Amino acid sequence: MIHKPAATLPISVENSLWKRQVRSQLWDEPYDQDADPAEEPQPHWSFDRFGQSVTELPDGRIFYIGGEYEDFYMPDFQIYNDLVIVYPDRRIELYVYPSPIFPPTDFHTATRIDDKIYLIGNLGYDGYRSERSTPVFCLDSSTLELQRVATHGSAPGWIHEHQAVAKEDGTIHVSKGKLWQAARRSGRENINEWQLDPTTGQWVQLTDNRWLCWRFQRSDCSCNHLWMIRIAWRETGKNGNMENLKWSQDHLLRDLGFLPDVSLVPHLYSPPVSHERLSRAEEKTIGYRGVRIHGVLVRYAEASGSVTMTIEGELSETIQQALVADLQKKLSTLEHIPWTVEPIDLSSSRR
């Protein structure tokens, strides 16, 4: 028999400063942060957040749950475990839950099934993550009681920034997002799909994709300049803006000491094998640049610290090696510094 943890009611908070922040964020009402300094909470509370879930109920109430203020490297960074309820008449209620019951939660999903809201996943504070578990909570929208859902089966792991959709059979479909890897101190892409039965706590892994991925980065481990290089490349075109071109070139000269050959940019993700380029509409839909090789999608993602190449299917070892070598050479040529490459394991953490 599965143990059912006890439900916990929140603590109601009356704080006019907090409510003014909510009004300022939602309805662009004037907000004076220095007003009522005696009410200033410690540490600072803010409704300007990332990773907060927003759930609208049939009765018109909107539940805002958790989220984080600022980034982890900022001195006022904070993750919240509170609940803000906004009524159709703009009335606001504020609640907080005990941290041992409901830890600070961000980049989770909130899926409503009838009068229950199921909170799945979390990024949370470093040091509290467990890549072998998936946090699940149930919030009763009628009573505001919250309890942890005891789960079993093949769970995705410490998932965050994902998607969760309620299905007609009462289960919740989970996909996309990232899975925390303790060894790398970072998240890796979740390439599989999962199903949770919230009534029984049963997790089922629906897919077992064996995609391949490589991460490319500068050998000095510093940030790359691809974003600025792309700006310079766009401004050299027929309708380029000379002021933007000078601005980007000045930055590149300052940071790199030379002007890169921006003519390489449109060929960066054109591998030396027969392929079909994705249309701009397709790239916009999937959120990546990419090509198809023998019907297999190969997509590229640029970030300030790296470029990742993911093959969503099976290609020969020869083609894989050609893709890796070609991209590594182009990136190294573009920035006049060697780029390193390493394979990334995207396999299920439960396998």
Side-chain angles (χ1 to χ4, degrees), residues 156 161-163 173-179 181 184 186-194 205-219 224-227 229-234 236-237 260-349 351:
E161 299 182 41
H162 53 290
Q163 297 178 1
H173 182 268
V174 175
S175 63
K176 301 186 181 300
K178 298 178 181 178
L179 297 170
Q181 285 184 307
R184 296 192 57 88
S186 64
R188 64 171 173 82
E189 181 185 5
N190 168 43
I191 63 173
N192 285 303
E193 300 177 13
W194 316 79
Q205 183 174 341
L206 300 177
T207 63
D208 188 20
N209 292 318
R210 306 296 180 98
W211 298 349
L212 300 174
C213 181
W214 291 265
R215 178 186 289 119
F216 302 77
Q217 60 184 15
R218 288 171 56 107
S219 58
N224 62 62
H225 304 83
L226 295 178
W227 180 73
I229 291 173
R230 284 192 175 277
I231 292 178
W233 168 64
R234 284 198 299 268
T236 58
D261 181 3
V262 297
S263 65
L264 292 174
V265 172
H267 309 290
L268 197 56
Y269 305 128
S270 296
V273 297
S274 179
H275 64 273
E276 175 190 354
R277 292 289 299 269
L278 297 185
S279 66
R280 289 187 178 181
E282 287 180 295
E283 291 184 337
K284 186 175 181 180
T285 298
I286 67 174
Y288 298 96
R289 296 178 176 89
V291 299
R292 282 194 174 85
I293 302 174
H294 303 320
V296 175
L297 176 63
V298 180
R299 53 182 170 83
Y300 305 88
E302 292 181 2
S304 60
S306 64
V307 173
T308 56
M309 179 180 71
T310 305
I311 300 177
E312 296 189 1
E314 295 185 6
L315 292 175
S316 70
E317 186 75 21
T318 300
I319 291 179
Q320 294 176 34
Q321 292 176 359
L323 295 179
V324 171
D326 177 69
L327 182 55
Q328 185 179 22
K329 180 180 179 180
K330 288 175 178 175
L331 291 169
S332 300
T333 300
L334 191 61
E335 292 204 327
H336 292 194
I337 189 172
W339 279 57
T340 61
V341 57
E342 62 174 334
I344 303 300
D345 182 13
L346 296 181
S347 62
S348 171
S349 60
R351 191 179 302 145

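The structure presented is a predicted model; accordingly, all values stated were derived computationally and were not measured.
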Student: Which one of E302, R299, H275, R289 satisfies the side chain to side chain donor-acceptor pair (under 3.5 Å) criterion with Y269?
Tutor: E302

Student: Can you check whether Q320 reaches L323 side chain to side chain, under 4.5 Å on heavy atoms?
Tutor: no

Student: Could you give the distance from NE2 (H162) to CG (L179), rounded to the nearest 0.5 Å?
Tutor: 9.5 Å

Student: Sequence neighbours excluded, which residues qualify as side chain to side chain contact (heavy atoms under 4.5 Å, CB included) partners of S274?
Tutor: none

Student: Is there a side-chain contact between H294 and I319 (heavy atoms, below 4.5 Å)?
Tutor: yes

Student: May I ask you to decide if G177's main-chain N or O and N190's side chain share a donor-acceptor pair within less than 3.5 Å?
Tutor: no

Student: Could you tell me whether R292 and E282 have a side-chain N and a carboxylate O separated by less than 4.0 Å?
Tutor: yes

Student: Could you tell me whether the side chain of R218 reaches within less than 4.5 Å of the side chain of H225, counting heavy atoms only?
Tutor: yes

Student: Is T308 close to I344 at the side-chain level, that is, under 4.5 Å between some pair of heavy atoms?
Tutor: no

Student: Any heavy-atom pair between the side chains of S332 and I337 that's under 4.5 Å?
Tutor: no

Student: Hey, what do you get for CD (E312) to CD1 (I286), rounding to the nearest 0.5 Å?
Tutor: 7.0 Å

Student: Would you say that V291 contacts L278 through its side chain, given a criterion of any heavy-atom pair below 4.5 Å between the two side chains?
Tutor: no

Student: How many angstroms lie between atom CH2 of W233 and atom CG of L264, to the nearest 0.5 angstrom?
Tutor: 11.5 Å

Student: Considering only NZ, NE, NH1 and NH2 on the basic side and carboxylate oxygens on the acidic side, decide whether E189 and K178 come within less than 4.0 Å.
Tutor: no

Student: Taking N209's backbone N and O only, do any of them form a donor-acceptor pair with N192's side chain (distance below 3.5 Å, no angle check)?
Tutor: yes

Student: I'd like to check V262 versus L334 (side-chain heavy atoms, cut-off strictly below 4.5 Å). Are they in contact?
Tutor: no

Student: Counting distance only, does the side-chain N/O of N224 pair as donor-acceptor with the main-chain N or O of Q217 below 3.5 Å?
Tutor: no

Student: At what distance, to the nearest 0.5 angstrom, does SG of C213 lie from CE of M309?
Tutor: 8.0 Å

Student: So how far is it from T340 OG1 to R215 CZ, rounded to the nearest 0.5 Å?
Tutor: 9.5 Å

Student: Quick one: pull up CD1 in I191 and OG1 in T310 and give me the separation to the nearest 0.5 Å.
Tutor: 8.5 Å

Student: Do side-chain atoms of W339 reach the backbone of L331 as a donor and acceptor pair under 3.5 angstrom?
Tutor: yes

Student: Check H336 against T333 and note the closest heavy-atom contact, atom names and distance.
Tutor: CD2-O, 3.1 Å

